[in-house]
Amino acid sequence: MLTVLPGPGTAPLAVLAAAPDPLTVDLALAGLTVGSAAALSGIGLVVCHRATGVLNIAQGAQAMAVAYLLRDLVVVRHWPMWPAVALCLLVVAPALGVLLDVLVYRPLQRRGAGPAETMVAGLGVFVLLIGAAVLLWGAAPLAGAPSPFGGAPIRLPGRHGLRPDTVAQLVAILVLGLAVAATTRWTGFGLRLRAVVDDRRLAALSGVDADRVSAAGWAFGTFTAGLVGIALAPYLLLDPYGLPLLVMETMAVAVAARLRSIPVAVATGLGLGIAQAELTRLRPAGQLLPLVEAVQSNLFVVALLATALLAGPRITGEERTVSAPLAVRPLGVGIGSGGRDGAGDGGRGRLAGTVCLVLLLLPFGFRGNDLRSALLVPALALVLLSVVVVTGYGGQISLGQAGYAGLGSLGTALLMSGRVPGLPALPAGPALLLAVLATAPLGLLTGWPAIRRRGLALALVTFAVGTAMSRFVFEQPYATTGLLLERPSFLSGDRAFYLAELLLLGAGLLAVRALHRGRLGRALTAMRDHEPGAVAAGVDVPGLKLFAFVVGAALAALGGGLTGLAGRAFDAASFDPVRGLLWFAAVVVVGADSALGAVLAAALLIGLDAGTVAGVSAVAIGVLATAIGRLPGGLAALPTSRRPGGAGGPASAAPLPPGRLSPAGLRARAAITARLARERQP
Amino acid sequence: MNGRLTARGIVRRYGGIEAVAGVDLTARAGRITALIGPNGAGKSTLFDCLAGTARPDAGRVLLNGRDVTRLPAHRRVRLGLARTFQQIAVFPTLSVGDNVRVGAEHRQGRTDPRAVAAQTARALDLLGLRDVAAEPAGSQPTGTLRLVELARALAADPCVLLLDEPAAGLDAAQTSRLVAVLRGLAERGLALLLVEHDAGLVAELADTVYAMAQGRLVAAGPTAAVLTDPRVAGAWGART
C-alpha cells in the first residue's frame, strides 16, 4: 500500500486564501491576493494576444522560470532583492519574450501558420522551459521563494489587514491597465497594433513595423508572466510543474474576457479570487464536504472548464470557423508509418519498426533501476498511442490524455483494493481490464466538446478536463490513502512484467493499426484532412470523433494502469496535466500519425532522462517543437512527406476493377482524358 | 438515380435578420437547376439548409418526397444528396482514388467492398482520373481537384447533386470540360442544383433558374426567361 499526497508544489490556489477570520471583508481581502495575481495573468494574456494574435500558452512556464531565477539570485547568490527583481522583470523576462518572438513565433506568422501549429510551438516553449528548469534547478520542490513585499499587513480602517504584496499587485494592475489603455487610445501604437493583428502583411505594406509590434507584445506577455510568477511563488514550494499549472488555471480569466477585454479579465480575476476565499465559509456536513472543499480549493479549474465550454467553438471570435488548417497535421521527423507497408514507404516503415523492436528488447538486458525505469516505456507508449489515435489519426487536439491515464491507474487501484461499492477486491488482471472498460466511455467528456470545437478552443477544453480530473479525482484523500496496487505473483519479477507489458503494447499497436486501415481509417483521415468534406462524403463526423476519443481514453487508461502496476502505486504526480502537455508535444514532434512514433517518443522521454539527467528529454522535445516555425511547411516538409498509403493515409485495399460507363459517361471521359493529356504537356 | 429535391418555405435567420425569407425551390431529375443572385442574396444560406449544414428556422426540405429537414448533413449524403464546395474540399493526405472511395463507401446500404470498388472505379473513369488515382490528392492542380471532389460526390451514387460555384478557379478549358460532365450527368437522370455567379455558365447549362435577392425569390422559371427578366437583370445583369 502506498499513500500519495499531492506534492506541495501543486498546492491549489486556495492555500493562499486560507484565512482564519471568517469575517467577510477579511476573506475578500485575502482573496484579493490570488485574484490580483490572476488578473495580472489575464492582462498579460489579453495584451499579448491583442498584439500578436497568439495565446501565450507557455505563460505558466515563463512565470515559473522567472520565479526560479529570482529565487536563485536572491537566495542562492545573495543578491539584494530589488536589483534582482529589476533584472528578472525588466531585463530577463522581456528579453525572453523578444527571443521567443524572433526565434519561434515570427517565422510561424510569416508563413501564415495555422493556430494548431502555433499552439504546438507554444507547447514547445512550455516544455523547453520546464526541461531547462529541471536541468538547472532539479525537480525537487524548493522552499523560500523570495517575496519583494514581505512584512506585516497594512492596517486598514475597521481593523482589517491587507498584505503588502497584494497592495503591490493591485497597484500593478492599475498601472498596467491604465498604461495599456493610454497606449492604445492616445498613441499611434494602438492603431498599428490592430492593423498588425488583422493582417500582418497588409500592415507591413502600409509601413507598419509589424515585427516591432509583435516583439513588444511578447515582451509585455513574458514581463507579466514573470510578475505573476514572482507574486505566486512565495506561497508555494517551487517546483517545475506546480507553478506552471497554477498559472495555466488562471487562463480562465483571459478566456472569460474572450482574450479581448482587460476590464473583464481584471474583474473576473479579482471576482474569482474573492469568491474562492468566501467559499471557505461553506461547511456542509456529510458527504458533500469533500466536494465542496475541492471546489473551494480549485475554483479556477472550475472556471477554466466553464469558460472554455461556454466560450463555444471560438475563443476569440476571430478564428475562422471553416476548416482552417485545424488538425495538428502529422509533423513526423523521419520515421515511417505505423507498420503499414504502403507503396514506397515500406523501407522506412520497416526501419522504424526494427528500431522500435530493438529499443523495446534492450531492457531485457537491464537490471535494477534501469529495468524499473524501462517498465515505464511500454506503459507510456500506450498512453502516447492514445494521442496518435485522437490527434494524429482523427485530427482532434487533446491535451487531456494524462487524465484518462490517471483514471486507468486509479481505477485499477480502487478495484484491486475493493474500494468500489458492490465489487470484491479484484486481482490485477481483471481490475486493469475493468478500469479500462470503465474509463473508455469517459472519453466522451472530451469527445463531446470536440464535436463543435477545434484548434485552440478544443485544446483549452481538453486541458481543462484533464486538469479537473487531476484536481478533483486524483488529489482527493480517498484516492491517495489506503490503495493497494500489486502485480500478480507470476509477474512480480520486473522482467516478467516487462514481457507482459510488451504483449499488451503489441496488442494495442495491432488494434490501432487495424483502426487506421480500410473504411474506418479512410474516414478518420478524411475527418482530419477536411471536416466539412468528410461530412459531404457521408462520414458521420460527430460519431467518429466520439469514437476516436473513446478509443483514446481506453488506450490511455491501459497505459496508466500499467504505469501504476509497474511502480506498484497510484501516483497522482505521474498524471499531472503539465506532464500531459509534454507527452502531447513529444508525439507531435516524433510524428503524430505514426503508431510506432508513439513507441519511439516513449523510449525517448524515458530513455533520455534515465540515460542522462532528468529534464534532457523535455528540452529536446521542446527544441524540436519550437522549431516547427523554422521549417517552411513544418516538420512535415522534411523528406518523409506523407504519401497516400504511406505515412499519411491508410493503404488502398485492392486494385480497382474497370468501371462501366454509360454512353454519356464515355463521351465525357474521352473529352476529359484528352484535356488532361493536353494539360500535362508543357 | 432519379431524384427530386424540394424546399418549401425555407426561413433562416441570423440574429434577427432573415437571410432566407421563405423560399420554395425544386430540383428535378434530369434537369440542371441554377440558383443565382447577388452577393448576400441568401443563396449560400439556402444551399446550406438544403445540404444539411444549416438548419432552417422554418420550412421543410424533401428528398424524393421524404422529409429530411431534421437529418444531419451526413445522413442526407447517405440517402443520395451529394454536394461539392465552393472552396475545394479534398483530403490531401489520401490518394485521389481513396478520396473517391471515401465517398463510395458511406452510401446507405452499401457494405460490399466489391460494390464500393466498382462504384469508385466508375466515378474515377467518368472524370478521367484513373491515371492519377494512386497520386496523393495534395499534389494535384486545382482543375484536377475540382474533378476529384466531383468524383467523390458521384461515387456515392447520388440522385441529387448540389454544386456550389463548381467553376470557381477553373480556366476556360476546364470549365468547358465541367460543362460536358454536368450535362452528361443530367442526361443520366441526376438532379443538379448549382449556385453560380457566372451568368455565362448559367445560360449555357441551366434548364431552370431561381433568382434570389435579399433572401427572397425574385424570379423563377426557364433560364432564358429569368435571365432576361428586368428584376433579375437589375440586380445581376451587369455580369451578363
Side-chain angles (χ1 to χ4, degrees), chain A residues 322-323 329-330 343 518-519 521-523 525-543 593 641-680, chain B residues 51 53 72-75 77-78 82-85 87 89-99 101-103 105-107 113-114 116-128 130-131 133-137 141 143-144 147 149 152-153 156 173-174 177 180-181 183-185 187-188:
Chain A
V322 181
S323 191
R329 289 277 164 68
R519 185 174 185 268
R522 278 187 292 274
T525 311
M527 177 170 86
R528 178 189 76 194
D529 280 5
H530 198 296
E531 208 175 293
V535 172
V539 175
D540 177 6
V541 166
D593 78 336
S641 73
R642 288 145 296 129
R643 292 170 203 89
S652 288
L656 298 165
R660 247 180 249 143
L661 295 178
S662 68
L666 286 170
R667 275 204 304 281
R669 177 175 67 178
I672 295 161
T673 329
R675 295 268 187 212
L676 280 177
R678 242 173 289 156
E679 237 177 38
R680 276 201 206 97
Chain B
T53 40
H74 73 271
R75 293 278 308 281
V77 176
R78 293 177 180 191
R83 73 166 290 182
T84 64
F85 292 81
Q87 294 193 328
V90 296
F91 314 122
T93 63
L94 288 177
S95 69
V96 167
D98 277 347
N99 262 273
R101 190 190 294 263
V102 170
E105 61 196 354
H106 287 92
R107 183 72 153 96
R114 273 170 305 177
V116 169
Q119 193 62 31
T120 307
R122 265 163 62 102
L124 284 170
D125 279 347
L126 178 66
L127 294 167
R130 175 64 78 122
D131 292 346
E135 302 287 321
T144 310
L147 298 181
E149 200 192 350
R152 185 193 69 222
Q174 289 166 334
R177 181 201 320 161
V181 172
R183 283 231 181 89
L185 292 171
E187 272 176 42
R188 293 164 68 196

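Chain letters run A, B, ... following the sequence lines, proteins first, then strands; residues in each count from 1.
For the pair Asp540(A) and Arg78(B), the tightest heavy-atom approach, listed with the atom from each and the gap, is N-NH2, 3.4 Å. Across His106(B) and Gly538(A), no two heavy atoms sit closer than the pair CB-O, 3.6 Å. Closest approach of Val102(B) to Ala526(A), counting heavy atoms only: CG1-CB, 4.2 Å. For Val535(A) against Ala73(B), the heavy-atom pair with the smallest separation is CG1-CB, 3.4 Å. Across all their heavy atoms, Gly533(A) and Ala89(B) have their closest contact at CA-CB, 4.0 Å. A pairwise comparison of heavy atoms in Phe85(B) and Pro532(A) identifies CZ-O, 3.4 Å as the closest pair.
Only the side chain of Arg152(B) comes within less than 4.5 Å of a heavy atom in chain A; its backbone stays farther off.
Atom OG1 of Thr525(A) is separated from atom CG of Asp98(B) by 8.5 Å, given to the nearest 0.5 angstrom.
Using the six-membered ring where Trp is involved, Phe91(B) and His530(A) have ring planes that are perpendicular, over 60° apart on the 30 and 60° scheme.
Within a 6.0 Å sphere centred on CZ of Arg519(A), other residues, nucleotides and ligands contribute more than 12 heavy atoms.
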Intermediate values then yes/no, side chain to side chain contact (heavy atoms under 4.5 Å, CB included), Arg528(A) and Thr93(B): CA-CA 9 Å; Arg528(A) 178 189 76 194; Thr93(B) 63; 2.9 Å; yes
